[in-house]
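Working notes, beginning with the structure itself.
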Amino acid sequence: MAKLSFLDKLEMMAKGQARLAALSRTLPELSGLEIGDSIQAKPGRVVIAAELNGAPVIAKLVDGPGGMAEVERMEAALARRLPRMGSGPFRVPRPVHFAPEEGLAVIERVPGRRLQDLLAEADESARRVLLSRTAGWLGAYAEGSEKEVTFGVRFWAKNRAEAAATGRDAATRAVTDAIADRLAEQVPVLSDRIIRQALIHGDFTPLNMLMDETAVWGVDLSLVTHWPVVRDVATMLVFTSTAHPVPRPLWGVDPAALDALLSTGLLEGHPPGLLRFWAGVKLSMDLLSLSNSARRRGAALDMAEHWLADRSDFRDGP
């Protein structure tokens with residue numbers, strides 16, 4: 001998905017605010033809504049800060065034919081976890097109002113700071129604490145929805161080989177081809193292995209996690225289908241390792257981040273090599289994504305170089 005220009009974002013934000021103002025005049029549940037700044041604009045969606053009867057909220061407007069379904073998924077995801085995660089150390093935002101037919105979701109604006117900003121300021125010790133707490137949130141969110149399945153290693157190896165051909169330039173195609181070849185080598189290693197799936201976050205990155213001294217919140221929740229738990233772990237690991245590179249990575253990832261994410265037992269019982277395999281899948285996806293910035297793409301290329309250069313047996317790692 002192509003990135004929006006600065007002017008396009010401003011236009012989308014202004015239109016989103018105007019649309020939200022119109023909805024607040026027609027939806028009784030939003031009477032008294034005070035609209036603040038637009039805080040995010042992506043193709044097809046705008047996120048706006050507001051207050052409703054003095055309480056801080058976030059309004060998300062989703063356009064297009066899939067808008068209704070996405071809002072319905074957000075409502076279902078929050079309803080499923082709110083009874084257990086409405087309070088305590090691991091939380092989800094409280095719903096305020098959903099209007100699927102309008103592509104509108106309004107939820108509480110949670111306190112705390114974004115994990116991405118906290119990691120940027122953290123030394124190694126603090127980074128471990130932050131990511132251990134984040135892993136604890138994922139464990140709590142997935143709890144109760146787990147099931148064991150056979151890992152589709154052949155599917156993912158083939159999927160990445162086919163995707164490599166879509167690279168926008170020769171360099172990207174060469175790297176993603178090499179990643180696909182390395183993944184294919186692991187088919188005998190991971191074939192017929194049992195893994196855990198769950199109703200996970202689906203976009204488990206530091207941009208979607210907020211925390212303060214008392215709690216961790218996950219936001220932008222809309223996944224209502226089962227996926228491998230390792231997918232979320234790999235997503236967080238690859239994101240943090242490319243956003244905050246370290247001098248001596250382990251097969252491309254930050255060893256401290258790796259230890260922290262595994263410290264709560266998220267992948268306990270999973271076959272060795274599974275996380276390393278999925279990190280390669282995620283790297284390939286990131287390199288082929290048109291929405292990545294030049295800096296993040298460069299960091300992903302550096303990580304891929306380390307991931308490919310480490311020829312140790314996948315069975316020796318997580």
Side-chain angles (χ1 to χ4, degrees), residues 73-74 76-94 107 110-119 122 126-149 151 194-244 253-271 274-279 281-283 285-286 318:
R73 290 195 302 270
M74 292 173 64
L78 288 179
R80 176 175 55 83
R81 281 296 170 253
L82 192 64
R84 289 198 302 104
M85 301 181 73
S87 61
F90 305 121
R91 303 187 195 180
V92 296
R94 292 186 173 275
I107 61 174
V110 302
R113 295 181 63 197
R114 213 170 281 274
L115 177 60
Q116 173 74 336
D117 299 326
L118 294 170
L119 288 172
R127 198 161 67 246
R128 287 177 181 269
V129 172
L130 291 169
L131 290 172
S132 291
R133 292 180 69 197
T134 305
W137 181 92
L138 179 58
Y141 190 78
E143 185 179 349
S145 67
E146 300 98 330
K147 62 179 181 180
E148 292 188 341
V149 299
F151 181 46
I194 301 300
I195 66 169
R196 278 197 315 279
Q197 287 188 345
L199 298 174
I200 58 173
H201 186 292
D203 191 18
F204 190 54
T205 77
L207 300 174
N208 290 326
M209 305 302 299
L210 292 90
M211 64 177 68
D212 60 16
E213 293 80 5
T214 62
V216 182
W217 286 265
V219 299
D220 201 15
L221 303 164
S222 60
L223 191 67
V224 292
T225 55
H226 281 75
W227 273 88
V229 177
V230 69
R231 168 184 165 173
D232 266 5
V233 181
T235 296
M236 181 64 71
L237 184 60
V238 171
F239 192 106
T240 56
S241 297
T242 53
H244 311 286
V253 303
D254 174 5
L258 175 63
D259 289 345
L261 289 170
L262 297 181
S263 64
T264 59
L266 276 173
L267 298 184
E268 187 175 349
H270 280 69
L274 179 68
L275 179 56
R276 193 167 161 190
F277 181 94
W278 205 277
V281 172
K282 179 59 179 169
L283 264 176
M285 290 178 174
D286 284 358

message = Quick check: closest heavy atoms across Val110 and Trp217, and the distance to 0.1 Å?
response =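 Minimum heavy-atom separation between Val110 and Trp217: CG1-CD1, 3.4 Å.
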query = Considering all heavy atoms of both residues, which atom of Trp137 and which atom of Leu221 are nearest to each other, and what is their separation?
reply =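 Answer, listing the atom of Trp137 first, then Leu221: CH2-CD2, 3.9 Å.
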By ring pair (Phe, Tyr, Trp, His ring centres under 6.0 Å) - contacts of Phe239 (at least two apart) =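 Phe239 satisfies ring pair (Phe, Tyr, Trp, His ring centres under 6.0 Å) with no residue once adjacent residues are dropped.
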task = Would you please name every residue forming a ring pair (Phe, Tyr, Trp, His ring centres under 6.0 Å) with Phe204, sequence neighbours left out?
result =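 Testing Phe204 for ring pair (Phe, Tyr, Trp, His ring centres under 6.0 Å), a comparison that skips the adjacent residues, returns none.
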Output the distance between atom [atom1] ([X]) and atom [atom2] ([Y]), rounded to the nearest 0.5 Å.
X: Leu78; Y: Met85; atom1: CG; atom2: CE; answer: 10.5 Å
X: Glu146; Y: Leu199; atom1: CD; atom2: CG; answer: 9.0 Å
X: Leu118; Y: Leu130; atom1: CG; atom2: CG; answer: 5.5 Å
X: Leu261; Y: Leu275; atom1: CG; atom2: CG; answer: 8.5 Å
X: Arg128; Y: Leu258; atom1: CZ; atom2: CG; answer: 9.5 Å

request  = Step by step, work out the side chain to side chain contact (heavy atoms under 4.5 Å, CB included) result for Phe151 and Ile194.
outcome  = CA-CA 6 Å; Phe151 181 46; Ile194 301 300; over 6 Å; no
Pair up each side-chain donor or acceptor in residues 86-94 with any protein partner under 3.5 Å, not counting sequence neighbours, and list the distances.
residue, atom, partner, partner atom, Å
Arg91, NE, Gly88, O, 2.7
Arg94, NH2, Gly86, O, 3.2

All pairs passing salt bridge (charged side-chain N to carboxylate O under 4.0 Å, His left out) where residues 201-214 contributes a residue, at least two apart =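 Checked against salt bridge (charged side-chain N to carboxylate O under 4.0 Å, His left out) - neighbours excluded - no pair reaches residues 201-214.
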message = Checking Val216 against Leu210 for the side chain to side chain contact (heavy atoms under 4.5 Å, CB included) test, could you report, in this order, the C-alpha distance in whole Å, the side-chain angles of both residues, the deciding distance, and whether it holds?
response = CA-CA 6 Å; Val216 182; Leu210 292 90; over 6 Å; no
Contacts of [X] that satisfy side-chain hydrogen bond (donor to acceptor under 3.5 Å, both in side chains) - sequence neighbours left out:
X: Arg73; result: none
X: Thr242; result: Arg296
X: Arg113; result: Glu121

request  = For Leu138 and Met236, run side chain to side chain contact (heavy atoms under 4.5 Å, CB included): C-alpha distance rounded to whole Å, both residues' side-chain angles, the deciding distance at 0.1 Å, then the answer.
outcome  = CA-CA 11 Å; Leu138 179 58; Met236 181 64 71; over 6 Å; no
message = Applying side chain to side chain contact (heavy atoms under 4.5 Å, CB included), can you list everything that pairs with His244, at least two apart in sequence or on another chain?
response =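 Counting only residues at least two positions away or on another chain, His244 forms a side chain to side chain contact (heavy atoms under 4.5 Å, CB included) with Gln116, Leu119, Ala120.
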inquiry  = Test of understanding: with side chain to side chain contact (heavy atoms under 4.5 Å, CB included), list the residues that count as partners of Ser241, not counting sequence neighbours.
reply    =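 Applying side chain to side chain contact (heavy atoms under 4.5 Å, CB included) to Ser241 gives Leu237, Val253, Asp254, Met303.
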ask   = So, His201 side chain and Val219 main chain: donor-acceptor pair closer than 3.5 Å or not?
value =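 Present.
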inquiry  = For Met209 and Arg114: C-alpha separation, side-chain torsions, deciding distance, then whether side chain to side chain contact (heavy atoms under 4.5 Å, CB included) applies.
reply    = CA-CA 6 Å; Met209 305 302 299; Arg114 213 170 281 274; over 6 Å; no
Distance-only donor-acceptor hits, side chain of residues 224-231, under 3.5 Å, sequence neighbours excluded:
residue, atom, partner, partner atom, Å
His226, NE2, Ser145, O, 2.7
Arg231, NH2, Gly202, O, 3.0

query = Less than 4.5 Å apart, any side-chain heavy atom of Pro318 and any of Leu274?
reply =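 Not touching, per the 4.5 Å side-chain cut-off.
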request  = State, with a plain yes or no, whether a side-chain heavy atom of Met211 is found less than 4.5 Å away from one of Arg133.
outcome  =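 Counting from C-beta outward, Met211 and Arg133 do come under 4.5 Å.
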Hey, can you pull the donor-acceptor pairs under 3.5 Å for the side chains in residues 262-269, sequence neighbours left out?
residue, atom, partner, partner atom, Å
Ser263, OG, Ser132, OG, 3.2
Ser263, OG, Ala260, O, 2.7

ask   = Which residues pass the salt bridge (Lys or Arg N to Asp or Glu O under 4.0 Å) test with Glu143, sequence neighbours left out?
value =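 Counting only residues at least two positions away or on another chain, Glu143 forms a salt bridge (Lys or Arg N to Asp or Glu O under 4.0 Å) with Arg84.
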